[in-house]
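Worksheet for the structure shown next.
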Amino acid sequence: MVKALYDNRLAVDIAGLKMKTPVTTASGTFGFGLEFQDFLDLEKVGAVTVKGTTLEPRAGNKGQRAVETPSGMLNCVGLENPGSDYFIEHTLPELKKIDVPVIVNIAGSTPEEYGELAKKLDIEGVHAIEINISCPNVKHGGIAFGTCPESAAEVVRAVKANTGKPVITKLSPNVTDIVEMALAAQEAGTDALSLINTLIGMKIDIDRRKPVLGNVMGGLSGPAVRPVAVRMVYQVAQKVNVPIIGMGGIMNAEDAIEFFLAGASAVAVGTANFCDPRLAETICQGMLSYLDRHEFKNIQEIIGLALPK
Amino acid sequence: MVKALYDNRLAVDIAGLKMKTPVTTASGTFGFGLEFQDFLDLEKVGAVTVKGTTLEPRAGNKGQRAVETPSGMLNCVGLENPGSDYFIEHTLPELKKIDVPVIVNIAGSTPEEYGELAKKLDIEGVHAIEINISCPNVKHGGIAFGTCPESAAEVVRAVKANTGKPVITKLSPNVTDIVEMALAAQEAGTDALSLINTLIGMKIDIDRRKPVLGNVMGGLSGPAVRPVAVRMVYQVAQKVNVPIIGMGGIMNAEDAIEFFLAGASAVAVGTANFCDPRLAETICQGMLSYLDRHEFKNIQEIIGLALPK
Amino acid sequence: MLTKVIVDAKVIGQKMLSQDVRQIDFLAPEIARQALPGQFVNVQTSTHTAPLLRRPLGVANVDPEKGVLTLIYRIIGEATHILADACTGDRISIIGPLGHGFDLQAKKPLLIGGGLGLAPLVYLAKNFCPNPVEILMGGRTKKELFWMDIFEDLCEAIHITTDDGSLGAEGTVLALLPELLQKGGYDCIYVCGPEPMMKAVVEVAAKFEVPCQISLEKYMACGLGACLSCSCGGVHKRLKVCTDGPVFWAQEVKEW
Amino acid sequence: MLTKVIVDAKVIGQKMLSQDVRQIDFLAPEIARQALPGQFVNVQTSTHTAPLLRRPLGVANVDPEKGVLTLIYRIIGEATHILADACTGDRISIIGPLGHGFDLQAKKPLLIGGGLGLAPLVYLAKNFCPNPVEILMGGRTKKELFWMDIFEDLCEAIHITTDDGSLGAEGTVLALLPELLQKGGYDCIYVCGPEPMMKAVVEVAAKFEVPCQISLEKYMACGLGACLSCSCGGVHKRLKVCTDGPVFWAQEVKEW
Ligand SMILES: Cc1cc2nc3c(=O)[nH]c(=O)nc-3n(C[C@H](O)[C@H](O)[C@H](O)COP(=O)(O)OP(=O)(O)OC[C@H]3O[C@@H](n4cnc5c(N)ncnc54)[C@H](O)[C@@H]3O)c2cc1C
Ligand SMILES: Cc1cc2nc3c(=O)[nH]c(=O)nc-3n(C[C@H](O)[C@H](O)[C@H](O)COP(=O)(O)OP(=O)(O)OC[C@H]3O[C@@H](n4cnc5c(N)ncnc54)[C@H](O)[C@@H]3O)c2cc1C
Ligand SMILES: Cc1cc2nc3c(=O)[nH]c(=O)nc-3n(C[C@H](O)[C@H](O)[C@H](O)COP(=O)(O)O)c2cc1C
Ligand SMILES: Cc1cc2nc3c(=O)[nH]c(=O)nc-3n(C[C@H](O)[C@H](O)[C@H](O)COP(=O)(O)O)c2cc1C
Ligand code: FES
Ligand code: FES
C-alpha cells in the first residue's frame, strides 16, 4: 500500500489536486505514462502529467527533433499529439484503470482554443489542467503567450471559465521578469503555477553548416538549466500565494529538494525520465531519507526554507 | 611571427579594432591577461578583454562567490576590481608592453558614470571599450540596464559621447527579446555587440538550506548555456549590421565555429579559460584545420553561413 | 509479452573489429533471453550529466543460454568514446530490449547492409540459420569489410561492393542488386544502413516486387515511445521509430 | 621565478589511507621539482563538461628526483569520486604549482592541523626535517588519525586530540594548545584545517604572541588569480587566496 509505504509524509495537495507523493512528470517527457509501466508503478507517482494535447491532432515538426547539449538537450517535437478526441477516447480510459491523478497539459493557438479544450477535458479521469503558454499566439504575430503578461492572463481566464478542475499555469523562462508573468497568471485566477518550461536554444551542425534541429530552434532542458529554474522558483515563491510545481533538470532527490527549499510544493521529473525511467517513483526514497536525516516530519515542513525570512 | 603563423586567415576587424585572430577573452574570466602568461603567448590572442572596471575600486560580494553546476558554473564576484585609476596607472602600462589589443570592459551605476569612465579610458593602450550593461541601474530601482532598451541606449550614448574608441555593447541574455536590445544599442550608436553575458541562476545548499552563493543569485556560464548563446547570436545577426562577438560556453574550436556560422565575427573564451588556460591561443589551430578541411580561404567566409538565406 | 528491463550489465569483453569499430559483450541475461533480431538497447555511458542521454545501439547478437548481449558500434562521439574505454568487469546501465524487430517469415531472405547497419543483420542472419541466407554488403573500401569474417559462418553467399572497387564489385550495393533480384528468387529483403542506401534499395525492391523491411535510425531521446523525438510519417498515422520500429515494412513509412 | 605549468600527469599509484581518504601519486616532474610546502595544484578529473572545473588539492608531498607529486584527498563529491577511480597509467591534467607556500624560517615550529588540512602539513614537516618538528592534530575519533603513521617519521612529537577522547586528549586542538604554547617555546605556528579551528588557533596564538601562518580554503574557479572567486579582505587591500595565499600570516587577513 502506498499509504503505508510513504507514511503520508510526502503527500501534498496542490490547489485541490491530492498527490500521494509530491512528484509528477514533466509534460512531454513521460508520454501518457503508460509507456513507463515496465519500469515503475504509476500508482506510486504523485500524478502523471501527459504530453501537451491540442484540439486537433498535430504532426509536429519535421527534421531532427532532439539533440544532446552539455548536460542538457534541445527538442523541437513541436506538440505532436493525436488530438483531444483521441486522447479522451483511447488514452484516458487506460489511465483511468490506474489509481493515479492525471494532469492534462494543453496547448492552443488562441485563448478560445484553450477554453474549448478545457471544456472538453472537464470530465472524469482528468484531475487537473496544466496550461502550456509557451505556444505562439497566432493573433499576435506568433509571439508566445508566455512572454506577454496580458496574453497569458487571457489564456488563463479562458481556461478557468471552462473548467472546474484545478488549473496550473506553466510559465516560460524566456522572459525578462518571471515574477511579472507569475503575478499575471495569479490575478487571472490560476490555482497553481508550474515552472519552468524550456529555454530557447539552438545548435549548429558545423559540417553541414545548418541548424541541427529541423525547426532551427528548440527547447533546452535537463540539468544544464536547473540553476535558472531554481532561481525562478525562488523569485516567484516570494511573490505569489498559489502553490508552485518546480521543474527543470531534476536528476535525483537532492535536486528535487532544492526546489522545495526554493518554495515549490511539488516537483516534476522531466528529461531525467530518459536517463532513468524509474526516477519519478524512486526519487521519493531519497526525499524520505533527507527528511529523516534532518528530522523533518513531512515534506511540507521544508517548503520554502531557503527563502529570505 | 604571428602573421606567418596564422597566414592572416584568421584576422578580423571589429569596427576598427584589428585582431590577428578572432578570439578574445570574456571579461572576468581572464583577469588582466597577465595572469595567463605562463600558459600562453598573449600576442597570439586576438585581443585581451579585461575584468569589468569601475570608476572607484569595488570589493565585490561577500560569501561564496562561485560554484559549479552541471556543465557550468555560477559566479557572484560582483565587479570586484581595483578601480579605473589603479588600472590606468598599474595594469595598463604592463599590458602596453605586449603587442595585443586591449578591450576594457566597463561597468557603472548611472549613465554618467559610464560616460566618465569612457572618457578616462580614452587613452593610448586601450583599443576598445566593452560596455557591461548587466549592472543594476541605481536610478531605476536597481533593474539592470541590460533588461530595458531605453536604459541600455542611454548608457551606449553616454559612452559614445566620451570616447573615440570602438564601443562594444555587451548584451544580457536575461531578456524576453534579445533582438530588441540589440537594435536599441545599435540605434544608440554602438560599433559592435558582444553576447551573451551570464544567465541569472542560483543553487541551494540542501544541508544548510541556504543559497550557496553569498549574493544568493549569480551568473550562469559555461557550456550549459551555449545553446542559448548560439540562438541569441543567430537571432541578432539577422537583424543588426554591426559586428558581433559571440561567447557563452565555448570549450574548443568546434564550439567557436558554431558561433561564426551563427553570425559572429569574433568570439570570446570565458569559463573555459579555467579548464584550459591555453585555450584562447590554441583554439585557433582547430579553426584553421576546419577552414582547410572545408576549403575556406579565411574565417570571413564562414561568418553567418548557417543563417537563413 | 516482452518486458523492457533496466539492468546494470557487466562488461565481459571488448574486441576491436577495425580502427573505429568495436564489439562489446555484456552479461545481461534478462535482455539476452528476450531480444529479437532488429531490436535495440539504450546504453548509458556516463553517470555524470555529460553525456546525458542514453545511446541506442542495435542488438548485434545474443547468447540466451550464457546471458550474453553483444553490441557492435562505431566510435564516433562522446558516448562511444567512453564505451570504448570500458573494461571487463565494469557495469553499464542498459535498457532493453527496445523496439520491434524484423518479421522472420522469409524462406529465402536477402540481407542488405552498409556501415554499422550491418550490426543488427548479424543477429538476423544467425536467426535464419541453418536455412540459407545471402547478404549483400556495401562499403567504402575493403578495410571496412571485416564484416566478411563475421558473416562467413552465417551466410551461404556474401555479395560485396566497395565504392573504390578494392573488394567485390565497384560501386554501391545498387551495382549488384538488380542482378541479384532478377536471379535470386528472394522472398524478402532486409535492409539496414545509411538512409540513401535504404531508399535506393526500397525503390529497386519495389520494381522487382520483392517485399522489403527497413530498419530506420532517428535521433532518440527516450527510446520508449514517450518523447516523440523519433517520430515519422506513416500511412494514415504517425509512427514512432523507437516503438513502432525501428523495423518497418517499406510501404508502412511515407516520410522518413 | 616559478613557472606554472599544465601537464598530463601519469598516475603511478593510489593508496587507501582510510575509508574515504586516498593518497594518489603522479609522475609530474615539472611540478614536483618546483612545488613548495603550502602550494597546491589544480586537477582536472573529467575531459567531458561535467564535472567542469578543476579541483584544487594541496601538495602533500613531492619527490623532486623521481618527479613524483603526491596528493591526499577526501572522497567527497563528483570530482574526487572520479579521482578515486583513476588507475595506474591513467593521465590526468594538472596545473601547478599554484599559490604561494609557507614561510619556512621557523626554528621551532608547531604544526597544527585537522581533517584534510593535514595533507599540506606532511610536505611542510618533511621540509623542516631533520630539524625537530612538532605537530598537534585534532580529529573526530581515532579512526581519522591514520595521519599518525604518516607523521611518525617526520615529527619529533605528535600531540593528539579527538572529539570523543578515543585517542589523545578529549576535545579540539584547543584542549592542548595553551599548555603547549606555554611550555613549548615555538617561534611559529602553521595551521591548516577547518575554518573554526584556524580562527580559534589564531586567537590563542595571538594571546601567546606566537606568529601564526594560516592556509585558507575558498571555492576556486581558476586558481590563477584571474576570476576573483576566492578573494578575501586583507589589511588595506583585497587578497586572492589562490595567488596571494593560500598561506597567509594571520594578521594579513582581516575578513575570511
Ligand atoms: C535504433 C538505433 C540503433 C542503432 N544501432 C547502432 C549500432 O548498432 N551501432 C552503432 O555504431 N550505432 C548505432 N546507432 C547509432 C548510435 O546511436 C550513435 O552512433 C551513437 O548514439 C553516437 O553517440 P556518440 O555520443 O558517440 O556520438 P555523438 O557525437 O553524440 O553523435 C554522433 C552521431 O550519432 C547520432 N546520435 C547521437 N545520439 C543519438 C541518439 N540518442 N539517437 C540517435 N542518434 C544519435 C548523432 O546524430 C550523430 O550523427 C543506432 C541508432 C539508432 C537510433
Ligand atoms: C587551496 C585548496 C587546497 C585544497 N587541498 C585539499 C587537499 O589537499 N585534500 C582535500 O581532500 N581537499 C582539499 N581541498 C578541498 C577540495 O578542493 C575539495 O574537496 C574538492 O574540490 C571537492 O570536489 P568534489 O567534486 O569531489 O566535491 P564537490 O561536491 O564539488 O564539493 C564538495 C566540497 O568541496 C568544495 N569544493 C568543490 N570544488 C571546489 C573548488 N573548485 N574550490 C574550492 N572548494 C571546492 C565544495 O564547496 C564542497 O564543500 C582544497 C581546497 C583548496 C581551495
Ligand atoms: C522532449 C520534450 C517534450 C516536451 N513537451 C512539452 C509539452 O508538450 N508541454 C509542455 O508544457 N512542456 C513540454 N516540455 C517541457 C518539460 O515539460 C519541462 O518543462 C522541461 O523539460 C524542463 O524540465 P526538465 O529539465 O526536467 O526536462 C517538453 C520537454 C521535452 C524535453
Ligand atoms: C567569474 C566570472 C566573472 C565575470 N565577470 C564579468 C565582468 O566583469 N564583466 C562582464 O561583462 N562579464 C563578466 N562575466 C561574463 C563573461 O564575460 C561571459 O560573458 C560569460 O561567462 C559567458 O561566457 P562563458 O560561458 O564562455 O564563460 C564573468 C563571467 C565569469 C564566469
Ligand atoms: S525516442 Fe522518444 S519516442 Fe522515440
Ligand atoms: S580562484 Fe580565480 S582568482 Fe582565485
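So that the names make sense, note that chain A is the first sequence line, chain B the second, and so on, each numbered from 1.
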B:E35 and D:K4: CA distance, side-chain angles, deciding distance, side-chain contact (heavy atoms from CB on, under 4.5 Å) verdict: CA-CA 10 Å; B:E35 295 87 345; D:K4 297 163 189 163; over 6 Å; no
Can you give me the closest heavy-atom contact between D:I6 and B:P277, atom names plus distance? CD1-CD, 3.9 Å
Find the distance between CZ (B:R58) and CG (D:L228) and round it off to the nearest 0.5 Å. 13.5 Å
Just checking B:K210: does its NZ atom have more than 12 heavy atoms from other residues, nucleotides or ligands closer to it than 6.0 angstrom? no
Name the member of D:A221, D:A50, D:S93 that forms the most heavy-atom pairs with chain B at distances under 4.5 Å. D:A221
Interatomic distance, B:N75 atom CG to D:S229 atom OG [nearest 0.5 angstrom]: 6.5 Å
Does atom NZ of D:K126 have more than 12 heavy-atom neighbours from other groups under 6.0 Å away? yes
In plain terms, say whether D:K240 and B:E80 are close enough for a salt bridge, that is, a side-chain N and a carboxylate O under 4.0 Å apart. no
Please report the shortest heavy-atom distance between D:L52 and B:C275, naming the atom on each side. O-SG, 3.3 Å
D:Y219 and B:E68 have their tightest heavy-atom pair at OH-N, 2.9 Å
Does any pair with a residue in residues 84-98 of chain B pass salt bridge (Lys or Arg N to Asp or Glu O under 4.0 Å), and if so which ones, sequence neighbours excluded? B:D85-B:K120, B:E94-B:K97
Tell me if a side-chain donor or acceptor on B:R65 pairs with a main-chain N or O of D:S231 at a distance below 3.5 Å. no
Of all of D:C230, D:C232, D:P51, D:A226, which one pairs up most often with chain B through heavy atoms under 4.5 Å apart? D:A226
How long is the gap from CE on B:M251 to OG1 on D:T47, to the nearest 0.5 Å? 10.0 Å
As an exercise, state the distance from CZ of B:F39 to CD1 of D:I95, rounded to the nearest 0.5 Å. 5.0 Å
